[in-house]
Structure formats: structure tokens, C-alpha cells
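One structure is given here, and the rest of the page talks about it.
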Number of protein chains: 2
Amino acid sequence: MAKLLTAIVDDHPIVIEGLKVLLQNEENLEIVGGFYSGSAILTYISTNQVDLILLDITLPDINGIELCQHIKEASISTVVLILSNHTERSIIMQTIQNGASGYLLKNSSIDELRHCISEAVKGNICYSKEVMEIISRPSKNHIQGMPRLTRREKEILALIAAGKTSQVIGQELFLSPLTIDTHRKNLIQKFGVKNVAELIMAATQQQIL
Amino acid sequence: MAKLLTAIVDDHPIVIEGLKVLLQNEENLEIVGGFYSGSAILTYISTNQVDLILLDITLPDINGIELCQHIKEASISTVVLILSNHTERSIIMQTIQNGASGYLLKNSSIDELRHCISEAVKGNICYSKEVMEIISRPSKNHIQGMPRLTRREKEILALIAAGKTSQVIGQELFLSPLTIDTHRKNLIQKFGVKNVAELIMAATQQQIL
DNA sequence: ATTAAAATACCTAAAAATCAGTAGAAAAAA
DNA sequence: TTTTTTCTACTGATTTTTAGGTATTTTAAT
């Protein structure tokens with residue numbers, strides 16, 4: 001089996017050199033280069049074969065989330081592994097959405113990196129341990145003050161989330177729209193938010209919706 | 001190291017017997033019993049030590065999601081692994097939320113089960129391959145019509161989700177509030193929804209927020 | 001049986017969002 | 001370079017939500 005042609009994309013030279021050293025002893029892997037910008041790696045892959053790209057999120061010209069998409073557009077078979085310090089759940093999910101095969105934090109162990117690389121080239125998705133935690137328990141940080149909702153409030157919350165107005169909800173539940181307005185008001189107050197947009201966000205983050 | 005005292009909870013006897021056979025050769029594991037209902041396992045753990053529970057979602061008296069929570073309340077150190085046929089993302093996430101250490105589909109290989117057990121007792125979270133796919137690409141089923149958003153639209157969507165009005169957003173981005181209204185309108189149109197409540201729901205379900 | 005909580009409904013007024021358009025400038029892609 | 005997309009901004013009218021209350025009737029809990 002041929003060696004995995006691997007590129008490293010990071011705006012920080014230290015990271016690139018560090019990864020090169022860490023990976024130089026891998027038998028089935030060959031570093032073809034380090035790149036400091038999105039345009040640099042895109043130019044490279046347009047004329048060279050690359051099997052695996054270790055990609056940072058923070059780059060000078062384009063963010064790694066979008067870059068990932070461009071890479072997959074240019075070369076669908078190239079496996080992209082994100083190596084980043086960003087711990088925001090939405091960033092992680094977006095990279096996967098855009099075709100990345102995994103996500104590791106930069107403090108991951110070399111074992112984890114090795115493991116994720118092997119999983120990724122097999123076509124699987126692989127996260128490091130911390131990332132797995134972030135994905136699985138998104139709300140842990142957020143849920144302190146989860147309000148207790150009454151049955152009616154939950155019911156109406158769901159209908160609001162479905163995009164229905166107070167008028168429509170009132171008709172469906174055979175209630176006055178003014179009653180729905182009151183419930184709406186109470187929901188907003190209980191969650192400590194200021195409008196439905198924030199309300200729906202809070203409710204989904206707390207798995208109520 | 002003492003053997004892992006393991007219980008199996010499933011309403012289907014065949015599954016219990018099958019798992020017993022599959023796991024009987026594991027050196028570091030001892031099956032202490034099979035249980036057909038939630039109340040049965042809860043009664044058992046109230047007087048017996050159990051290290052690991054393999055838990056189904058569908059049970060006659062209580063669903064596995066809630067049962068998981070009760071188990072952890074009764075015995076925080078007991079590791080719960082879900083073994084189910086349900087592929088709904090929300091169910092998977094809820095079990096983890098309620099303290100489960102992993103989720104496998106019933107068609108998982110014995111190797112995957114073994115691997116997840118060892119990860120789980122180490123305190124990590126572990127999913128089988130298919131489950132990982134479901135978690136990572138939830139949208140694949142849902143997102144057919146996932147609209148492509150421009151950079152500006154994503155930015156404004158996030159601010160709307162934070163509960164900010166067009167006026168406030170306009171001030172923050174040094175734009176006319178009327179411009180924000182236009183973006184708002186375009187977002188609503190692109191998602192095919194009728195107001196922000198539904199917009200935020202759609203966006204969170206598609207992991208954009 | 002009594003208290004507390006939940007559900008119902010209303011008022012007034014201001015603020016915000018939605019609908020249905022148009023249209024020029026800037027940036028990106030072809 | 002030309003074309004297309006994105007970003008910007010507006011008009012005008014309508015609908016809906018939000019904020020500040022109050023108040024009665026059901027239900028549920030003690």
C-alpha cells in the first residue's frame with residue numbers, strides 16, 4: 001500500500017513543524033508539505049495528489065470551515081481532518097457538514113491523532129475524546145437555570161416553534177389569542193429572554209424542543 | 001481487577017439470551033442477570049451492585065431514555081450503554097444527556113460492543129459506527145433543501161438567534177436596519193418558513209446554529 | 001377544606017416583524 | 001471581461017409581537 005500523501009495547513013509555522021516531527025516516523029504516511037493559507041493548499045491540490053489534509057480553522061485568508069468545502073469540491077477523495085483549538089459545537093458540526101472526516105483539538109495525544117487518521121482513511125468519522133464530549137453534552141454548560149414549564153406552556157412553545165401565530169394557535173386550541181399571548185409572555189419571562197428567536201434557541205439548547 | 005457486574009435490560013428474551021451467549025466468554029465481565037422491564041432493573045440495583053447496564057429503549061413500563069436517568073440517580077457509578085434499534089438523532093442525544101455512556105445499534109458487531117464497553121468503563125463516550133454517522137450528519141436525511149447561506153446571512157442569522165432586533169443588528173454592523181430586514185426576509189424565504197421562530201428551529205435542526 | 005399554581009381572558013400602546021415590491025453598488029465567479 | 005451573486009437600501013402597508021398591567025376560573029396540592 002502506497003504511503004498517504006499528507007499536507008498540513010496551519011497559519012502557525014510551529015504547529016506545522018511540530019506535526020512534521022511527530023508524524024515523520026509513521027511508516028504509512030508521507031508529509032508532502034506545510035501550507036500557511038487556504039489559497040496555498042488549494043493551489044497545491046489543483047496540480048498534486050494529496051490523500052490527507054490536516055487542517056486548522058484559523059487561517060489568514062479563509063476560514064477552515066469554508067476551506068474544507070473547497071477542498072472537497074476540488075478533490076472529493078482527499079480526506080480532511082480538522083486540527084483546531086476551537087471548542088464551539090457549531091464549528092465542529094459545520095466542518096463535518098462540509099465534508100471533514102473528523103475533528104481533533106490541538107492538545108490531542110499523538111495516539112489519538114494516529115487513531116483518527118486511520119479511521120478517517122477507512123471512511124469513518126473520528127473525534128478526539130474532548131470533542132466527543134462537546135458533541136454529546138452540548139448543553140452541560142448551558143443548562144443551569146432550565147425553567148419548569150407547565151403542560152400548556154410546552155404545548156404552546158411547540159406550536160410557536162412551528163411558526164404559528166397567536167391567532168392560529170388560539171384557533172387550534174379553542175382559546176382566545178389573548179390567552180396565547182399571555183402564555184407567550186410567560187414563556188419569554190421564564191426563560192429570561194426577550195423575544196421568540198431567543199426563546200427557541202434557549203429551548204432547543206436545553207433539549208426541550 | 002474484579003469482573004464487571006453486568007445487567008441486560010431488554011423486553012425481548014431473545015436479545016437477552018443472545019447477548020448472554022456473546023458475552024459469556026469475556027474474561028473481565030460477568031452477567032448478573034437479564035431484566036424485562038424498567039422497574040425490574042431499578043429494584044435490582046437498589047440492593048445489588050451493578051457496574052454496567054446494557055439498556056434497550058423500548059420497554060413495557062418506562063422508556064429507556066427516562067430509565068437511564070433513574071438508573072444514574074440511583075447509582076451514579078453504574079455505566080449505562082444503550083443498545084437499541086432506534087436511529088433517531090434526538091433519541092440518541094437524549095440518552096447521552098441523561099447520563100448514558102454510549103449508544104449502539106443492535107446490528108453492531110461484537111467487536112464494536114466490546115470496544116464501546118471498554119471505552120465506557122474508562123469514562124469515555126462511545127458510539128458505534130452507524131450511530132456516529134447519525135450524530136455527525138443528522139441532516140443527510142433531513143437536509144435535502146438545506147439552503148446555501150451567504151456569509152452575511154449566517155452572521156445575521158446568529159444575531160437574530162441571539163434575540164437582537166433589526167435595529168440593534170444594524171447598529172452593530174453599521175448597516176441600515178432596513179438592510180437587516182431584507183436579509184431577514186431572505187433568510188425566511190430561503191428556509192421556506194414563515195417567521196423567525198420557525199427559522200431558528202430549522203436552523204438549529206440543521207446544525208447551522 | 002383551604003391554599004397555591006395554572007389556565008384563562010382582557011386592556012392599552014408601542015415596537016418589531018412580515019409582505020411585496022424595486023434597485024444600485026460591490027464582490028465573486030465564469 | 002462579462003455575468004452572476006451578494007450586499008446594500010429604500011417605500012408603503014399590514015400583521016404580529018412585546019411590555020405594562022389586572023382579574024376570574026379551574027386544577028392541583030397540602
Side-chain angles (χ1 to χ4, degrees), chain A residues 37-39 42-43 45-46 59-63 65-67 69-74 98 146-203 208, chain B residues 146-203 208:
Chain A
S37 70
S39 54
L42 284 175
T43 304
I45 62 171
S46 68
L59 294 172
D61 51 348
I62 183 179
N63 73 64
I65 302 167
E66 291 178 38
L67 178 57
Q69 196 164 28
H70 292 313
I71 289 170
K72 297 301 275 192
E73 281 164 9
N98 286 359
M146 137 109 180
R148 303 180 318 295
L149 301 186
T150 67
R151 202 168 303 163
R152 208 38 146 187
E153 284 168 347
K154 281 183 202 165
E155 185 179 19
I156 289 170
L157 175 57
L159 294 169
I160 291 172
K164 293 177 180 169
T165 66
S166 295
Q167 271 79 8
V168 173
I169 297 172
Q171 279 169 12
E172 285 188 18
L173 301 181
F174 305 105
L175 293 173
S176 162
L178 298 167
T179 303
I180 312 301
D181 278 340
T182 302
H183 284 299
R184 188 188 283 267
K185 203 192 313 180
N186 291 337
L187 280 165
I188 285 175
Q189 198 174 25
K190 279 193 179 182
F191 275 86
V193 296
K194 45 195 291 296
N195 55 33
V196 277
E198 217 182 337
L199 173 68
I200 304 296
M201 269 305 274
I208 293 168
Chain B
M146 139 106 177
R148 302 179 318 296
L149 300 186
T150 67
R151 201 168 301 167
R152 209 37 147 187
E153 283 168 346
K154 282 184 199 165
E155 185 179 20
I156 288 170
L157 175 57
L159 294 169
I160 291 172
K164 295 179 179 168
T165 65
S166 294
Q167 271 78 8
V168 173
I169 297 172
Q171 279 166 12
E172 285 189 18
L173 300 182
F174 305 105
L175 293 174
S176 163
L178 298 166
T179 303
I180 312 301
D181 277 342
T182 302
H183 284 299
R184 188 187 283 268
K185 198 194 320 177
N186 291 337
L187 280 165
I188 285 175
Q189 198 174 27
K190 279 193 179 182
F191 275 84
V193 296
K194 47 196 287 296
N195 55 32
V196 277
E198 215 181 338
L199 173 67
I200 304 295
M201 270 304 274
I208 293 169

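Chain identifiers are assigned alphabetically (A, B, ...) following the order of the sequence lines, protein sequences preceding nucleic acid strands; residue numbering begins at 1 within each chain. We use all heavy atoms of the structure for the numbers below, so side chains are in, but hydrogens, waters and symmetry mates are not.
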- Task: Measure the distance from CG on A/N195 to C1' on C/dT18 and round it to the nearest whole Å.
- Result: 15 Å
- Message: Measure CG/B/D181 against C1'/C/dA15 and give the value in whole Å, please.
- Response: 12 Å
- Note on the structure: So the contacted stretch of DNA chain D, first to last nucleotide with an atom under 4.0 Å from a non-hydrogen atom of chain A, runs from D/dT16 to D/dG21
- Item | Listed partners of A/S37 passing side chain to side chain donor-acceptor pair (under 3.5 Å), at least two apart | A/S39
- Computed from five pairs at either end and rounded to 10 degrees, the angle between the axes of the helix from C/dT2-D/dA29 to C/dA30-D/dT1 is 80°
- With sequence neighbours left out, which residue pairs that include part of residues 159-174 of chain B fulfil the salt bridge (Lys or Arg N to Asp or Glu O under 4.0 Å) condition? B/K164-B/E172
- Message: Can you list everything that forms a side chain to side chain donor-acceptor pair (under 3.5 Å) with A/R151? Sequence neighbours excluded, please.
- Response: none
Could you give the side-chain donor-acceptor pairs of residues 192-199 of chain A under 3.5 Å, partners two or more places apart or in another chain?
unit_1 : atom_1 : unit_2 : atom_2 : d
A/K194 : NZ     : B/G163 : O      : 3.1
A/N195 : OD1    : A/A197 : N      : 3.4
A/N195 : OD1    : A/E198 : N      : 3.2
A/N195 : ND2    : B/G163 : O      : 2.8
A/E198 : OE1    : A/K194 : N      : 3.2

- Query: Tell me: CG of B/L187 to C1' of C/dC19, nearest whole Å?
  - Reply: 16 Å
- Could you pull out the closest heavy-atom pair between B/A202 and B/F191, with the gap in Å? CB-CD2, 3.7 Å
- Message: I'd like to check the side chain to side chain donor-acceptor pair (under 3.5 Å) partners of A/Q171; sequence neighbours left out, ordered by chain and number.
- Response: none
- Using atom types as modelled and distance alone, determine if a side-chain donor or acceptor of B/Q189 lies under 3.5 Å from a backbone N or O of B/N186. no
- Task: For B/T179, enumerate each residue passing the side chain to side chain donor-acceptor pair (under 3.5 Å) test, keeping only those at least two apart in sequence or located in another chain.
- Result: none
- Any side-chain heavy-atom pair of B/H183 and B/E155 under 4.5 Å: no
- Reading nucleotides 4-14 of chain C 5' to 3', which nucleotides get B (base under 4.0 Å from a protein heavy atom), which S (sugar-phosphate only), which -? --SSBBB----
- Taking CZ from B/R184 and C1' from C/dA16, how many angstroms apart are they, rounded to a whole number? 8 Å
- Task: Whole angstrom is fine here: how far is it from CD in A/Q167 over to P in C/dA17?
- Result: 17 Å
- Item | Residues forming a side-chain contact (heavy atoms from CB on, under 4.5 Å) with A/Q69, sequence neighbours excluded | A/E73, A/N98
- For B/S166, what residues pass the side-chain contact (heavy atoms from CB on, under 4.5 Å) criterion, not counting sequence neighbours? B/I180, B/D181, B/R184
